Amino acid sequence: MTDDKGIIKEADPAVLHNLLRTMVLIRIFEEKIIEVYPMQDMKTPVHLYIGEEAVAAGVCAHLKKEDYVFTTHRSHGHCLAKGSDPEMLYAEFYGRISGCSKGKGGSMHPVDPENGILGTTAIVGGGIPIAVGTALASRMKKDGRISVTFFGDGASEEGTFHESLNFAALKQLPVVFICENNFSATTSPLSQRQPHENIAKKAGGYGIPGITVDGNNVLDVYDAAKAAVQRARQGKGPTLIECKTYRWKGHVGPDCDHEKGCRPMEDLNKWMKRCPVEMYKDLIINKGLITETDYMNLVKEIDAALDDSLKAAKQHPLPDTKELLKDVYYDKE
Amino acid sequence: MTDDKGIIKEADPAVLHNLLRTMVLIRIFEEKIIEVYPMQDMKTPVHLYIGEEAVAAGVCAHLKKEDYVFTTHRSHGHCLAKGSDPEMLYAEFYGRISGCSKGKGGSMHPVDPENGILGTTAIVGGGIPIAVGTALASRMKKDGRISVTFFGDGASEEGTFHESLNFAALKQLPVVFICENNFSATTSPLSQRQPHENIAKKAGGYGIPGITVDGNNVLDVYDAAKAAVQRARQGKGPTLIECKTYRWKGHVGPDCDHEKGCRPMEDLNKWMKRCPVEMYKDLIINKGLITETDYMNLVKEIDAALDDSLKAAKQHPLPDTKELLKDVYYDKE
Amino acid sequence: MPWTKVYIDKNELKDTLAREGLRGLSYRDALKEAQEQLLRDDESVFLLGEGVDDSGGIFGSTLGLWKEFGKDRVMDIPIAENGLTGVAIGAAIAGMKPVFIHMRMDFLPMCMDQIINHAAKWHYMTGGRVNVPLVIRSIIGRGWGSAAQHSQALHALFMHIPGLKIVVPSTPYDAKGLLIASVRDGNPVMFIEHRWVYDYIGYVPEETYTVPIGKGIVRRPGKDVTIVAISLMVYEAIKAAKTLEKMDIDVEIIDPRTLNPLDEELIIESVKKTGRLVIADVSCKTGGAGAEIACRVAESAFDYLKAPVKRVNFPDTPTPCSPSLEDAYYPDAETLVESVKGLF
Amino acid sequence: MPWTKVYIDKNELKDTLAREGLRGLSYRDALKEAQEQLLRDDESVFLLGEGVDDSGGIFGSTLGLWKEFGKDRVMDIPIAENGLTGVAIGAAIAGMKPVFIHMRMDFLPMCMDQIINHAAKWHYMTGGRVNVPLVIRSIIGRGWGSAAQHSQALHALFMHIPGLKIVVPSTPYDAKGLLIASVRDGNPVMFIEHRWVYDYIGYVPEETYTVPIGKGIVRRPGKDVTIVAISLMVYEAIKAAKTLEKMDIDVEIIDPRTLNPLDEELIIESVKKTGRLVIADVSCKTGGAGAEIACRVAESAFDYLKAPVKRVNFPDTPTPCSPSLEDAYYPDAETLVESVKGLF
Ligand SMILES: Cc1ncc(C[n+]2csc(CCOP(=O)(O)OP(=O)(O)O)c2C)c(N)n1
Ligand SMILES: Cc1ncc(C[n+]2csc(CCOP(=O)(O)OP(=O)(O)O)c2C)c(N)n1
Ligand SMILES: [Mg+2]
Ligand SMILES: [Mg+2]
């Protein structure tokens with residue numbers, strides 16, 4: 001853990017508040033999905049991010065609206081942290097025409113161009129090179145944007161990871177690689193897939209910085225991302241940040257897979273004690289930045305807003321079947 | 001350069017002689033191709049290995065007949081070093097039915113199961129995982145064989161390189177990765193494709209040894225390969241060896257591409273002064289292992305033998321057109 | 001014969017099995033049993049794939065197998081489809097018989113290079129000296145908003161690649177018999193399952209047996225129109241045939257079971273008899289298996305055709321997520337009925 | 001019209017061009033000119049590919065372009081087809097118009113995932129909010145023992161993937177016009193060239209122009225039989241037509257120019273007139289473009305067909321190396337003549 005006192009002193013209080021807000025937003029956004037999912041009318045495979053919120057929050061705090069972010073099948077946290085409208089996301093998950101992808105994509109394929117999310121792929125490792133491509137475009141267009149790609153430990157095993165790092169390092173592109181190492185890919189443990197646990201070590205092979213941080217400590221993430229984003233903005237090239245974290249829920253769906261025997265319960269307990277939201281909340285209450293009441297109010301406020309979003313989203317209509325054949329091809333006219 | 005005196009003292013003189021013999025064999029084998037190629041009847045794209053002979057010779061000196069070797073589009077040197085019959089190779093290049101692949105493969109796809117060459121792919125990076133697979137089979141069957149895969153600097157950019165190293169390191173398989181870094185892929189210089197020149201550095205990311213050697217010094221290669229092969233045989237896992245070397249001829253065909261302006265002539269001149277065959281010959285003459293006359297006799301002997309092989313190969317018949325439809329599917333009966 | 005007949009009515013099936021004293025097994029368990037027996041009988045067989053040893057066990061089809069055979073022979077792997085296909089090819093040419101399992105067929109484009117450029121061509125490129133006994137199991141997904149990247153059926157692509165065999169079993173009996181045949185075949189075999197068939201039950205003998213690769217089967221004899229139905233569509237075709245029967249249209253249903261080799265003879269014979277052809281598949285229309293089958297008929301049984309050929313497929317769009325669009329996307333027995341009626 | 005007519009006789013072509021005061025250009029140079037003009041006119045266009053800036057310049061088709069436009073816009077790349085396709089897609093959705101160039105079509109299986117699962121589906125998955133203006137040029141190789149991994153034509157695979165357009169220009173005029181149209185199209189376009197057409201010369205206007213994607217063309221009007229000829233086979237068809245003319249068989253040749261969208265109307269109209277169809281393609285037979293075209297005709301012009309459809313293709317084998325086998329592998333005008341004769 002870095003000297004969080006240092007960061008806390010340096011950073012703008014608004015930023016510190018926002019870190020909490022973002023994490024709480026992600027947490028409650030997904031808790032609502034868990035609530036409604038058993039009704040069987042949100043027909044999209046949801047990959048919940050609960051337990052990993054500090055990564056999205058800590059990284060996206062440094063990004064401008066126009067910066068590009070690429071997420072994965074586990075998309076909710078990144079979209080929300082980047083500023084996407086919860087109602088539009090819920091609507092998408094309900095397959096509504098008002099969803100961000102007109103109901104065509106679902107939870108695995110959110111899009112939000114206004115917030116720099118140009119689309120999402122659920123092919124493991126698929127989004128990494130695409131983010132390098134937007135970074136290349138930014139370099140060519142000199143538009144000052146940077147690109148961030150979030151991906152899992154599993155994705156770091158795909159050839160595209162290697163090909164992307166090589167190219168980004170070669171061209172010194174403004175891209176930040178955020179590997180969310182939650183030690184599993186579906187239910188397969190990292191130890192059955194990689195020779196060791198330190199994914200950031202790969203960076204050395206490409207001559208770029210590789211940093212490992214505690215992905216449950218939002219200030220650690222914030223700190224590492226700050227340096228990486230700065231490097232990218234200054235044209236100094238890519239950085240690989242590995243955030244060690246843990247997924248509380250099953251790979252897909254609202255259940256806890258530990259109960260099915262997929263992963264050791266003691267792991268979950270250990271990591272739940274290190275809940276990113278709780279840890280950070282306690283820290284900033286300790287530091288006197290907010291009070292327990294402030295926090296309760298924040299939770300209530302977000303909860304109410306998300307209730308409204310969810311309710312509104314559900315009321316939107318499903319796409320007409322005429323939509324089926326549309327959007328296969330782009331048409332200039 | 002390692003202490004070659006040490007190696008020279010340690011190693012069996014027969015081995016030291018054989019290193020020279022192998023390199024001379026490869027060199028003259030290809031010089032004969034250069035001679036006959038303008039007649040336009042050897043209709044197969046030849047990727048010449050001249051200038052890089054020390055790598056194949058130094059590595060294969062440690063291999064048993066039953067060990068597996070995977071080569072690439074630039075295949076001649078590895079096949080010869082592994083013990084393939086020159087006549088069978090020439091016959092293949094002439095598209096003869098007596099060729100190692102019945103004329104169906106040509107120079108890019110030699111096969112020689114008796115010598116551990118189970119087939120060859122000319123897809124860049126394609127053979128790396130296949131070698132990991134034979135190593136996996138050896139581990140499962142406990143047959144004591146090891147696998148060696150030769151590939152270029154270009155191939156180290158493909159995703160399969162990463163995927164192969166990860167899996168081999170994970171399972172600690174008996175495989176040796178030999179990267180022949182000749183600083184180019186077709187005519188594209190390494191500097192346009194990778195952020196730095198040290199491919200062996202990648203090994204660190206997988207927690208396996210990565211060694212860079214002078215690929216024009218056959219004793220250096222021999223030395224590094226010895227340790228790697230030992231590791232593999234002892235079940236200690238894979239090694240990546242990067243051999244820095246240089247291709248004298250064009251990417252494909254018998255011409256010198258420097259004359260076409262593809263690469264700087266001074267590079268060629270520099271590397272020709274470091275001819276692997278000449279350097280080694282001089283060294284062992286200096287050390288009193290052979291005389292200049294021994295060398296001349298060796299050259300003559302090999303030259304004559306290869307003349308015979310080439311002549312014989314050309315006299316074999318072309319495949320009957322009935323062959324066209326055969327061998328698409330394996331048939332147990 | 002209860003092993004060739006496809007029962008739509010579960011009670012009818014149960015009765016038949018009970019009456020004949022036969023064992024019923026789900027498609028999922030038939031696959032599992034085949035693998036279990038293969039692993040037991042042949043040391044060179046091993047399974048590999050993402051999650052083969054986990055608590056899901058590839059939708060149950062490999063569930064718990066690692067307990068008997070160990071994690072070396074029921075091997076979880078990194079997420080690296082192309083590299084691992086290369087690894088499997090390497091193991092295969094060195095004498096092993098790997099079965100590489102993909103939870104979704106959508107992930108195969110990742111390893112197309114090793115499949116198309118390597119596995120398929122290896123035997124030919126080596127002049128027949130080295131063969132690749134590799135089976136690639138993959139499952140076609142469907143429903144619950146699986147969307148564009150988790151519900152593709154790409155078997156047609158492989159039909160264009162000489163050197164591959166393609167197997168599309170629709171019944172538990174065939175799933176087991178064809179999987180055993182595939183593993184023993186000695187060639188790279190694309191073994192393509194449909195997730196929606198996993199729960200179907202049918203007669204499956206306990207012993208080891210093979211169903212020959214390259215032989216289709218008549219699922220229902222009929223005289224008025226031939227439906228060539230692939231994979232899940234066999235079931236829709238049977239339902240459609242029942243409806244059409246009431247309209248006095250007697251449907252012959254052919255389940256090709258393998259797409260390469262394709263049992264052209266069986267199809268041609270049927271069309272010669274019926275004069276009408278509808279092909280029902282579980283993938284997009286253009287460039288699909290239906291095109292090839294129709295073309296073969298237009299080449300070889302042209303004189304017997306009394307009506308245009310028809311295809312029943314998904315539309316040429318990626319799979320949408322929304323339930324309203326998913327509903328519209330997938331054809332079913334009704335679509336087939338309409339299509340057949342159009343031929344009279 | 002000299003820009004639609006295909007001349008087999010070089011002198012006839014020269015005379016025509018001279019008489020009409022028109023400029024002749026090779027297919028290779030037509031491609032180069034198109035790219036040159038695109039690069040000049042539109043800052044968002046850039047080329048990338050292995051060797052685009054080298055002394056070969058992709059068989060001359062990009063030769064020296066880096067000198068005017070720099071190595072950022074004529075960009076050599078690492079050998080990493082899948083990753084770099086992803087990079088190109090990323091650049092495309094961020095507003096650039098990349099042209100990714102592959103010296104051999106055989107390397108596309110390496111990047112199938114980014115093509116099939118990403119480029120093709122992106123527009124649909126995003127509900128039409130983001131499009132992918134990406135052109136992928138690839139070249140079909142042939143001859144000199146190129147063998148199994150350096151001579152494949154895989155355009156048929158892409159026909160099965162909704163979201164892609166597929167362009168197969170056969171003439172210099174079309175090469176230029178279709179490349180410009182492709183780059184401006186806004187969709188992922190598979191632009192497929194044949195190495196053996198590179199030297200062919202034809203009329204090519206100096207100015208920028210487009211040939212519409214989705215429009216085929218009649219290369220030779222005729223009344224007895226329709227040959228749909230793809231890519232290089234257009235030339236073989238023209239030669240075959242000359243031979244057949246002497247036998248009083250009047251061939252209509254259709255060059256579809258694009259395979260998706262396919263100009264079905266043009267083909268159907270022709271078959272309605274001639275009643276006979278032969279499809280000639282530069283790839284393996286099973287599951288090829290010919291199957292789709294034949295099937296469309298069997299669906300839509302069945303009543304007009306007077307004879308079975310026929311396909312002229314490579315056999316269903318990998319490409320062999322030996323000259324004796326290569327000779328046997330490739331069909332030509334003669335094969336076409338035989339095939340057509342069989343229909344009468
Ligand atoms: C190419 C590919 N292979 C397999 C899958 C199936 N799959 C979906 S998510 C997943 C695990 C991904 O693990 P990781 O990258 O660590 O992300 P996490 O789910 O842990 O966030 C797998 C194997 C896929 N979507 N794409
Ligand atoms: C996947 C793939 N992409 C491109 C090619 C074309 N190609 C053939 S050899 C070659 C260069 C290979 O360079 P390297 O691996 O360094 O080997 P070298 O030729 O230098 O020995 C290329 C790009 C190919 N054969 N396969
Ligand atoms: Mg993970
Ligand atoms: Mg090289």
Side-chain angles (χ1 to χ4, degrees), chain A residues 40-46 73 92-97 99 101-109 121-126 152-161 184-194 251 257 260-263 317-329, chain C residues 48-58 64 66 71-72 74-86 102-104 106-111 113-114 141-152 284 286 314-330:
Chain A
Q40 308 245 6
D41 56 357
M42 185 182 274
K43 296 188 178 174
T44 187
V46 288
H73 56 286
E92 182 62 31
F93 303 172
Y94 276 120
R96 302 307 202 251
I97 185 76
S101 317
K102 288 206 228 159
K104 286 179 174 166
S107 158
M108 294 192 288
H109 309 294
T121 166
I123 292 296
V124 171
D153 47 306
S156 76
E157 292 148 20
E158 288 282 8
T160 51
F161 169 78
S184 36
T186 66
T187 56
S188 163
L190 185 57
S191 60
Q192 291 191 178
R193 298 178 286 110
Q194 298 197 26
H251 168 66
D257 61 348
K260 287 191 244 157
C262 294
R263 293 182 293 167
L318 289 167
D320 189 278
T321 56
K322 269 183 302 197
E323 272 296 327
L324 181 61
L325 303 181
K326 285 186 194 161
D327 301 322
V328 181
Y329 293 97
Chain C
L48 72 163
E50 293 152 20
V52 285
D53 64 344
D54 74 11
S55 57
I58 313 289
W66 65 271
K71 293 211 169 186
D72 279 345
V74 182
M75 190 194 291
D76 190 24
I77 54 171
I79 313 183
E81 288 82 0
N82 204 38
L84 267 293
T85 305
H102 299 265
M103 296 251 288
R104 306 268 176 182
D106 310 69
F107 309 149
L108 291 185
M110 276 282 189
C111 41
D113 173 63
Q114 285 291 337
R142 175 167 166 175
W144 200 262
S146 297
Q149 294 177 333
H150 284 76
S151 52
Q152 287 169 91
C284 293
T286 296
F314 311 161
D316 287 323
T317 83
T319 318
C321 173
S322 178
S324 67
L325 300 179
E326 250 188 9
D327 278 356
Y329 190 69
Y330 290 108

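Only this structure's heavy atoms are used, side chains among them; waters, hydrogens and symmetry mates stay out. This is a predicted model, so every value here is computed, not measured. Naming: A, B, ... by sequence-line order, numbering from 1 per chain.
The two residues C:Pro78 and A:Glu157 make their nearest non-hydrogen contact at CA-OE1, 3.3 Å. Across C:Ala147 and A:Gly105, no two heavy atoms sit closer than the pair CB-O, 3.7 Å. The two residues C:Ile77 and A:Arg193 make their nearest non-hydrogen contact at O-CG, 3.6 Å. When every heavy atom of A:Glu158 is checked against every heavy atom of C:Ala80, the shortest pair comes out as OE1-CA, 3.6 Å. Across all non-hydrogen atoms, the minimal contact from A:Cys262 to C:Ser55 is SG-OG, 2.8 Å. Smallest separation of non-hydrogen atoms from A:Pro319 and C:Ser324: O-OG, 2.8 Å.
There is a side-chain donor-acceptor pair under 3.5 Å between C:Gln149 and A:Thr121.
Highest contact tally toward chain A, considering only C:Gly145, C:Gly56, C:Ser146, is held by C:Gly145 [criterion: heavy-atom pairs under 4.5 Å]. Between chain C and the options A:Asp41, A:Val328, A:Asp257, the largest number of non-hydrogen pairs under 4.5 Å is found for A:Val328. By number of non-hydrogen pairs under 4.5 angstrom with chain A, the leading residue of C:Asp316, C:Ile79, C:Leu84 is C:Ile79.
For a residue to count as touching a neighbouring chain, one of its non-hydrogen atoms must lie under 4.5 Å from one of that chain's; by this rule A:Ser101 does not touch chain C. For C:Asp54, the parts sitting under 4.5 Å from any heavy atom of chain A are the backbone and the side chain alike. Interface remark: A:His109 contributes side-chain atoms only to the contact with chain C (heavy atom separation under 4.5 Å). The part of A:Asp320 that comes within reach of chain C is its backbone (N, CA, C, O), which places non-hydrogen atoms under 4.5 angstrom from that chain. Contacts between C:Met103 and chain A at a heavy-atom distance below 4.5 Å are absent for every atom of the residue. For a residue to count as touching a neighbouring chain, one of its non-hydrogen atoms must lie under 4.5 Å from one of that chain's; by this rule A:Gln40 touches chain C with backbone and side chain alike. Looking at C:Glu81, the atoms closer than 4.5 Å to chain A (heavy atoms on both sides) sit in the backbone and in the side chain alike.
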- prompt: So A:Leu324 and C:Thr317, side chain to side chain contact (heavy atoms under 4.5 Å, CB included) or not? Walk me through it.
  reply: CA-CA 8 Å; A:Leu324 181 61; C:Thr317 83; 4.3 Å; yes
message: Would A:Val124 and C:Glu50 count as a side chain to side chain contact (heavy atoms under 4.5 Å, CB included) here? Give the steps.
response: CA-CA 12 Å; A:Val124 171; C:Glu50 293 152 20; over 6 Å; no
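Taken to the nearest 0.5 Å, the CD1 atom of A:Ile123 stands 6.0 Å off from the CG atom of C:Asp106. Atom CG of residue C:Asp53 and atom OG1 of residue A:Thr187 lie 7.5 Å apart, to the nearest 0.5 angstrom.
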